[in-house]
Each structure stands twice: as C-alpha cells, then as structure tokens.
Number of protein chains: 2
Amino acid sequence: MSPREIRNMDQFAAVSGISRPTVSKYFHNPDSVRQTTRARIEAAIEQYDYRPNIFAMNQNRKLTKNVGIVVPLLADPYFAEIARNLEQRCIVAGYSPTLFSAHGDPEQEVAVLNNLRALKPAGVLLAPLGRASDTEVLAKFCDDVPTLIFDSSVAELGIAFVGSDNQQFTAHITDYLCRTGEPPCFFEMKNPANPNAHRRRHAYLAAMETFGHSPHVISVAGEGWGFEEIGRVGGHDAFARNLFPTNTILCSNDRLAIGLLTACYERGITVGRGDGSTVRIAGQDGHPHSRYTCPPLTTISHDYDAVSKHAADTLFAAIDGSVERWQSTRIEGRLILRDSA
Amino acid sequence: MSPREIRNMDQFAAVSGISRPTVSKYFHNPDSVRQTTRARIEAAIEQYDYRPNIFAMNQNRKLTKNVGIVVPLLADPYFAEIARNLEQRCIVAGYSPTLFSAHGDPEQEVAVLNNLRALKPAGVLLAPLGRASDTEVLAKFCDDVPTLIFDSSVAELGIAFVGSDNQQFTAHITDYLCRTGEPPCFFEMKNPANPNAHRRRHAYLAAMETFGHSPHVISVAGEGWGFEEIGRVGGHDAFARNLFPTNTILCSNDRLAIGLLTACYERGITVGRGDGSTVRIAGQDGHPHSRYTCPPLTTISHDYDAVSKHAADTLFAAIDGSVERWQSTRIEGRLILRDSA
DNA sequence: ATAAAAAATTTACGCGCGTAAATTAGCGGT
DNA sequence: ACCGCTAATTTACGCGCGTAAATTTTTTAT
C-alpha cells in the first residue's frame, strides 16, 4: 500500500499533493481548508496513517489544545465520575484532556499544578483539595493559566466557579426529613477538608431555625480523606456517648454516611424509615455507591451532567476569548429517596 | 532577584555559568555531571525557577521518560487505587506517568492506545479491558511500545504479565468457606468481561472437587461494568428461583457481592456468619469498599503493593534493556475475614 | 466575463532542545 | 612536575512543526 513510512509533515504533504502549511492548517482546524482539499488530506491520512508529532506541534505554539483536569482524589468514585464526564466533553470539543489527582495530598496538588504548567495548557478544570490547598500556589497558577474551579470554591480564583448549590442541598433534604419524621441531627467532620461542608452545616442550622427546630451538630474527629472510616469510628463514639437526641441523622456527605451505616450495623442498630427501624440516616452527594448500601442511602445528588457541562462550556468560552467577570454558578441537586430515611 | 525571565536553556546556561550541553546533560541525569557543577546548576534553578520545555525535550529524542498507565475503568476504586500506586512508583523512578482510562469501552481503549503512541512513551503499564479488548490492536501496540500487562492477561502479550493468582484466591477462600460451614455456591456473571473470572470459576470447580462437594455455579445475565447492579438484579432473580442450594455464596468479585448484599437486604435476607443469619456471602478482590458494606464483606484481597511493585519494577527493568523471555507472575492474595461469611 | 474575495502555495525563519565530534580544562596519583 | 583520565566546553547541525509575508490560484459575486 504505502510506498514508505511517512516520517513528517513534509513527506505527508508531498504524498497528499498539498503544501505543508495547508496541511498544518488542516490539522488545527479541518474546516479551515477547502472541502476538496480536506477530502484529499483525509484520504491520505487514511492511506498512510499519518499523525503529526504532538511535541513538535506544541513546542512552537503559544497555546496548545491541552486541557488539564485536576481532582483532589481520584479514588473517590464521585470525582472519578465527574472527571470522566469532563474528559468526554473536552474530547468532543477538540481538546486533549489529561487527568491528574492530588491523591488527597496538598503537596501533590502543588506538584500536579507544576507539572501541568509544563504542558502549557489552554485551560484547566480544577477541583481543589479545599482547606488544605496552598492558596498562594493556586492563586498564582490561576493568574498564569485559564483555570475554572469546580466542586469546591476556595476564593474568587480563576475565571469562574461551577459547583453544586450546597445551601439548597441541605435545605431541601432537611426539609424532607423534618416533614417525614423527627428533625435531623447533623453529622459531620470537625475539620472538614472541603469548604462545601461548612456551607452545609450553615444551611442545616438555617433550615432548622426556619422550621422551628433546635439544631444538633455532631462533629467527629478525623483528618484526611478516609471519610468512611471517620464516619464509622465517629459514629461508634457518638452512639456510645448518646450524642444523637433524635432518631434522624443527616450526614454532611455520603461517604460519612456509609461509614455511619457500618457503625450502625456493628452496633446492631437498624436503619431505615420503616417501623422496625431505630434510626434514619441520610447523606448528601448522590455518591455512585449510595444505591448499594444496606439500606440504600437516601441522599441528595449532584447534577453531574449539568455541573460538568457548565464547567466545560465556561472554560471553553474563556479560552475562546469571551472575557466575563468572575462568577459563581451553583446548581441544584435532586433528592433521591431510598430506604435509609 | 532574577534580572530577567529565563526563557530557554541557553539563557539559563548563561546565568548559571555552565555550558548548555552540560546543563542538558544535568537534566537527563543529575549524577552525570561533576558535584560542583551540579551544585551551581541547582543553585541557579532555585534562583531562576527554570524548567526545560518538555515538548522541546521530547521532540528530538528517540525515547522519552513518559510512562502510560492504562486501566479499564477508573471509576472502580480498585483500579483507582492500583493506578495511584503505580503512579507513585513511576515518579519515584524518575518517569512521568500519565493516567488513562478506557471507561469500560473497547473503542475508548483503542483511542487511548493511539493517543498514548503519540506520547512516545518509554513504557506502558496496561490493564486491558479483557474479553472486549481488540486483541489485534493490543498486540500491535505491544509490538511497538514496551508494554507490561497487569491485572488481567489476554495473551502472551507485551514484555510480561503481573497479576494476582486467581486460582489461589478462589481455592483459598473456598477452602475457608467449606471448613466453616456449608460449601459455597459460586455467583458470577454469565459473560464476564474479565478473564480472571474464568480462572476463578475453574478454581472453584477444582476446589469443590478436591473437598468432595458438588459445585453449584449461578451465572447471571448482564453486560458491561455495572457489576453491582448486575449482582443485585441477578441476586433477586436467583433467590426468586431458589437457585442457591446451600446457604453460602462465593461471588466472583466484590462488586458483584456488594450488589448481592443489596438484593439480600431488599428481600429481607440476613447475611452473616452468626446464628441469626440466613446466608453467608463472600467476595474476591479486597475492594476498597468491602470494609464498609453491611455486613462487612469477607473477601480475599489482592496484594496491591506487591502487584504494583512487581509490575513497575519489571517495566523499568525492560526499559533499561534487560531483555527477558515473557513471563507471567501471579501473586497470592490474603484472606480478610469479616462478618459476611 | 470580470473583479473581488477566499484559499492555497511558496519561501523563509524560528522554537527549545538533543546530540555528536573535537577540543580544552580540571583532577588525582606518582 | 608530569601523565592520564574524566568532565566540561565549543561548535554545529537537526528534529518536526508553527507561522508570517508575499504570491498565485481558485472560488464566489456581480
């Protein structure tokens, strides 16, 4: 078939009968060349299986088509899922996404950002670690690279913030719990890594006041990203010390709830909304795993699609030069009623 | 501090008082230059915060320091965990890892491999999708790029295979279940995506014969990577049709077991090894989540550390030119006794 | 048909670094 | 002081492509 291996764009241009600059133009935007030219180039690509050298492409270009996607913890299926979603959107939009995880470690987050710089990305979709993040490093990075912050907002950094409306999350599920049984206590980490946790606590307090109930916040100790274990150990401790004045517990997030469910099991406490149950437990996030807990977890779910779509679209618009003032978009969640509450 | 921004290695060499080729040498191997020279370069790096342009570095080099890590499904915490582990080992060894996921889709696996080619990686750590993989594409890729296959072996591809000893996994846990109660049925997917599933079924059959019990394999329908849902739906079906002749169920993997646990909950079947329980359920994999099911799942765990260490070390050795014949290494698992069985 | 606009080509240079070859400087040991 | 060795420097070229400017060709509009 092919007379010889095509080694570079010069040779490819020669065999396809098009000049190299035009070929180069084609690879940057296939629509930017004439229909007939495009067909000839694509026929040659088919025949010779030529792909331009990405290193040479990016080296001498002010801006690449690279997009970085950074999440705090890829081992958390929530972030894995949203990362997958964002990745697809980048590909569809013609960008080359690269996935990074800070693995829950602030130092690795800094390292990731430094590596990312070297990729000269057109833009970055960044979900910061939160409280543990090095804010100065983040700010400097956002100054240098078009960055959209998602999931958790640390400051008015980057081109915009897109996340979930945590106030609405907690208000909504607190409302549901109040209407269907005893008012909920609020179960959380004492020093949450994620700023969303603070919003949720505040929203809980506000909602309880609105509904005329006295709030009860149980803050358990624990550092890091092992939320299930923190919830389990903290749950045991809280039950042992009789810290829950009502039979209903709203957890700050699903992973904490999952740990609490385990603690309940281990203590022989039945969870559910049925008559035979001792406590009701609800989470927040719509974690991929929440469907499969025992009992399945009542929660309020992020709108994964809407968040990732808005985040990606906002970044792409910014890359294309639409300069807008920094703004924060928070998307409402959807209540998922299951057996746990 | 710095008089002006350092734009390239020429300028950096100038301000550090070293010639550019020597600086270049330093960046490839800091130990390859004289101690005093190294100190001067590192002082200059500190002062000017210079980092060589990775695109220019890689473009004109036969072999890069890039390593690709490919997993079939990053949303599965098992793969996320092993990917994290491998990533760290690459960094420590001086390589630049990049993470890819096929997201359970054979076409995306092919796309990932094509993108990976463009990175001219020194090596690749690849966990294939398995049955759904395009074997021809994999074979061709392994011919072109030093590739170590891990987790699931499709053929004698690449430089070697490193994974878990599924025979031992199933034999060991089957043995445990037989010794402590009724002999187990085997709960699996009818058309498992992963070849390890076949090994486990065979090991189950062999073990049951060895122990003098008649085997019972329950194969449930379902395609794709939503194992929990497949286990849940299949579990409901199997219970409804009374397909389990004994009170003990060994699942082909933990995610299937998690779905089965949910089905049990939904049918009011109590799971555990205690007197009040109806069935015992065990999984296989040591999935990160298995600790937090209700009841916590008895399982046999991969030796994450050993597998990833052996995989990484083997790849690095191959990159460094140690040519050995293809070989398969299978590492034993560790039984984790919890409440479910 | 003809002019104007759009697309393609030619020409030419630069990006930042790898790398090879020949030369010079630095080092320790006798 | 000398020799021999290693490390560093100088010189020079190439990688594969981006990109700008000037020119020619093709398409579209009138």
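Quick note on labels: first sequence line is chain A, next is B, and so on, each numbered from 1.
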Novice: Classify the side-chain pair A:Tyr78/A:Asp151 by whether it contains a donor and acceptor separated by less than 3.5 Å.
Specialist: yes

Novice: Checking side-chain polar atoms at under 3.5 Å, does B:Arg89 have a donor or acceptor matched by the opposite partner on B:Ser308?
Specialist: yes

Novice: At less than 4.0 Å, is any side-chain N or O atom of B:Ser19 found next to OP1 or OP2 of D:dT9? Yes or no.
Specialist: yes

Novice: Can you confirm whether the side chains of A:Asn53 and A:Asn8 place a donor and an acceptor under 3.5 Å from each other?
Specialist: no

Novice: How do A:Ala56 and B:Lys25 order along DNA chain D: which one's closest nucleotide is nearer the 5' end?
Specialist: B:Lys25

Novice: Closest nucleotide of DNA chain D for B:Arg20 versus for A:Asp10: which of these residues is on the 5' side?
Specialist: B:Arg20

Novice: Going by atom types only, do A:Tyr26 and A:Glu42 share a side-chain donor-acceptor pair under 3.5 Å?
Specialist: yes

Novice: Let me check something: any side-chain donor-acceptor pairs from residues 112-127 of chain A under 3.5 Å, sequence neighbours excluded? List them with distances.
Specialist:
unit_1	atom_1	unit_2	atom_2	d
A:Asn115	ND2	A:Ala111	O	3.4
A:Arg117	NE	A:Asp144	OD2	3.4
A:Arg117	NH2	A:Asp144	OD2	2.3

Novice: Whole angstroms only, please: what is the CD-P distance between A:Gln35 and D:dT28?
Specialist: 11 Å

Novice: Under 4.0 Å from any heavy atom of chain A: name the first and the last nucleotide of DNA chain C that qualifies, 5' to 3'.
Specialist: C:dA7 to C:dG16

Novice: Do B:Glu87 and A:Gln108 pair up side chain to side chain, a donor and an acceptor below 3.5 Å, judged on atom types alone?
Specialist: no

